[in-house]
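Because the structure is a prediction, the values reported are computed rather than measured.
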Amino acid sequence: MPEAGADAVLQARGLTKHFGAVVASRDVTLDLRAGEIHALIGPNGAGKSTLIAQITGELAPDAGRVWLEGRDVTGLGTVARARAGLGRTFQISALMMEATVLQNAVLGALGRRGTAFGGLLRPVLGDPELRGQAETALADVGLADHAGIVASELSHGQRRQLEVAVALTLQPRAFLMDEPMAGLGADGTRALTSLLDGLRARAPILLVEHDMDAVFALADRISVLVSGAVIASGTVDEVRRNPEVRRAYLGEERAP
Ligand code: ADP
Ligand code: MG
């Protein structure tokens, strides 16, 4: 077991990743605790997405380990980690745009069974268990009334909500989200902020986000990444007051 609080659902320990001469992650250690939204912020190129990719299993770290609920998942691929409870959204939209909202959610629920989707949607949609899980997830994100709509007809904000629903069908133990607010207007941002706010009680969220209003509204803790290294980690107030953070990232004009 790694050294950490018993309430840490997800633990990254000493993650290090080089791309040629670039050190994208420098000995990064952080925890995601039960019930929290832990925001990961930093300038472009700081290594946020690279860090998330090592936690999801998309990228293998050069050094370091990842633990989920006390289990070392470092050697597992993305699919096994998803089944182990790592819920991921937003980096690449996994939605099927020609399928309905309900069909997208049912396919998400199917992933939990570990059976590959063979391409016949009809028998899958008729499966009461999968359908029930999908409908529950859609209700959870506020899309129950849109179940029959084709995904391409949803607004950007509703698509993000659907992505959360798809992730929810796998009953994740922890969420990883890379810039969920990107490209959303004020309404979409508000709706997604409210959704994430409620989601933390189900599973904690490691949230990479550029929208600082959303970060300050949602985050229980913030870690700041600069040039691959965590330069500060703490509560919103602690991080806002941190002089190094102000210099490196937030800018004095954003200071309270
Ligand atoms: P962020 O998400 O914080 O903007 P990234 O994790 O995307 O930062 O990138 C961190 C650094 O690693 C950058 O210098 C980027 O150019 C580099 N990088 C990211 N992915 C690759 C890759 N696949 N190959 C080479 N360099 C990469
Ligand atoms: Mg990124």
Side-chain angles (χ1 to χ4, degrees), residues 35-37 39 52 56 78-79 82-83 85-113 115 117 119-211 213-215 217-219:
E36 79 172 350
I37 294 180
I52 295 287
T56 60
T78 50
V79 173
R83 296 226 174 90
L86 277 183
R88 155 165 236 218
T89 59
F90 306 125
Q91 185 69 355
I92 307 153
S93 179
L95 298 181
M96 294 174 61
M97 284 302 167
E98 305 311 315
T100 66
V101 167
L102 178 63
Q103 287 167 342
N104 271 282
V106 166
L107 287 175
L110 182 66
R112 193 153 133 223
R113 288 194 177 164
T115 39
F117 175 55
L120 286 174
L121 210 44
R122 202 184 301 264
V124 171
L125 282 172
D127 184 307
E129 189 192 348
L130 293 177
R131 201 180 164 116
Q133 289 164 354
E135 284 171 345
T136 300
L138 292 178
D140 285 343
V141 303
L143 284 179
D145 292 344
H146 295 72
I149 291 175
V150 174
S152 60
E153 287 173 17
L154 296 176
S155 69
H156 279 302
Q158 288 171 327
R159 284 180 204 171
R160 303 275 159 89
Q161 288 168 250
L162 178 54
E163 289 176 32
V164 173
V166 170
L168 274 173
T169 60
L170 292 170
Q171 299 190 331
R173 310 296 298 170
F175 280 109
L176 306 167
M177 300 186 180
D178 198 347
E179 300 192 26
M181 311 294 174
L184 296 187
D187 287 350
T189 299
R190 204 175 305 119
L192 193 57
T193 300
S194 156
L195 174 58
L196 300 192
D197 190 21
L199 214 55
R200 82 181 97 195
R202 297 269 292 270
I205 305 171
L206 183 60
L207 175 70
V208 173
E209 186 49 60
H210 273 298
D211 181 334
D213 293 331
V215 167
L218 285 170

Could you pull out the closest heavy-atom pair between [X] and [Y], with the gap in Å?
| X | Y | answer |
| --- | --- | --- |
| Gly35 | Pro204 | N-CB, 4.0 Å |
| Ala214 | Thr193 | CB-OG1, 4.3 Å |
| Ala134 | Thr169 | CA-CG2, 4.3 Å |
| Gly108 | Leu170 | O-CD2, 3.8 Å |
| Thr100 | Gly148 | CG2-O, 3.6 Å |
| Phe175 | Ala167 | CE2-CB, 3.8 Å |

Original post:
Can you tell me if CZ on Arg173 sees more than 12 non-hydrogen neighbours from other groups inside 6.0 Å?
Top reply: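 Atom CZ in Arg173 is not packed in, count stays at 12 or less.
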
Please enumerate all residues that pass side chain to side chain contact (heavy atoms under 4.5 Å, CB included) together with [X], with sequence neighbours excluded.
| X | result |
| --- | --- |
| Ala219 | Ala39, Val215, Ile222, Val236 |
| Arg131 | Leu102, Glu135 |
| Ala151 | Met97, Asn104, Leu162 |
| Asp140 | Thr136, Leu168, Arg202 |

Run the side-chain donor-acceptor check on residues 182-190: report pairs under 3.5 Å with partners two or more places apart or on a different chain.
residue, atom, partner, partner atom, Å
Asp187, OD1, Arg190, NH1, 3.1
Thr189, OG1, Gly185, O, 2.9

Original post:
Can you find a pair of side-chain heavy atoms, one from Val79 and one from Arg83, that are under 4.5 Å apart?
Top reply: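 Heavy-atom side-chain distance check passes, below 4.5 Å.
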
Subject >> Contact check, side chains of Met181 and Leu196, non-hydrogen atoms, under 4.5 Å >> reply: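 Met181 vs Leu196: side chains touch.
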
Quick one: [atom1] on [X] to [atom2] on [Y], what's the gap to the nearest 0.5 Å?
| X | Y | atom1 | atom2 | result |
| --- | --- | --- | --- | --- |
| Leu192 | Asp197 | CG | CG | 11.0 Å |
| Gln103 | Leu95 | CD | CG | 12.5 Å |
| Ile205 | Ile37 | CD1 | CD1 | 4.0 Å |
| Gln133 | Leu110 | CD | CG | 10.0 Å |
| Ile52 | Leu206 | CD1 | CG | 4.0 Å |
| Glu163 | Met177 | CD | CE | 10.0 Å |

**OP:** For Ser155, enumerate each residue passing the side chain to side chain donor-acceptor pair (under 3.5 Å) test, keeping only those at least two apart in sequence or located in another chain.
**Re:**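 Once residues adjacent in sequence are excluded, the partners of Ser155 under the side chain to side chain donor-acceptor pair (under 3.5 Å) criterion are Gln158.
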
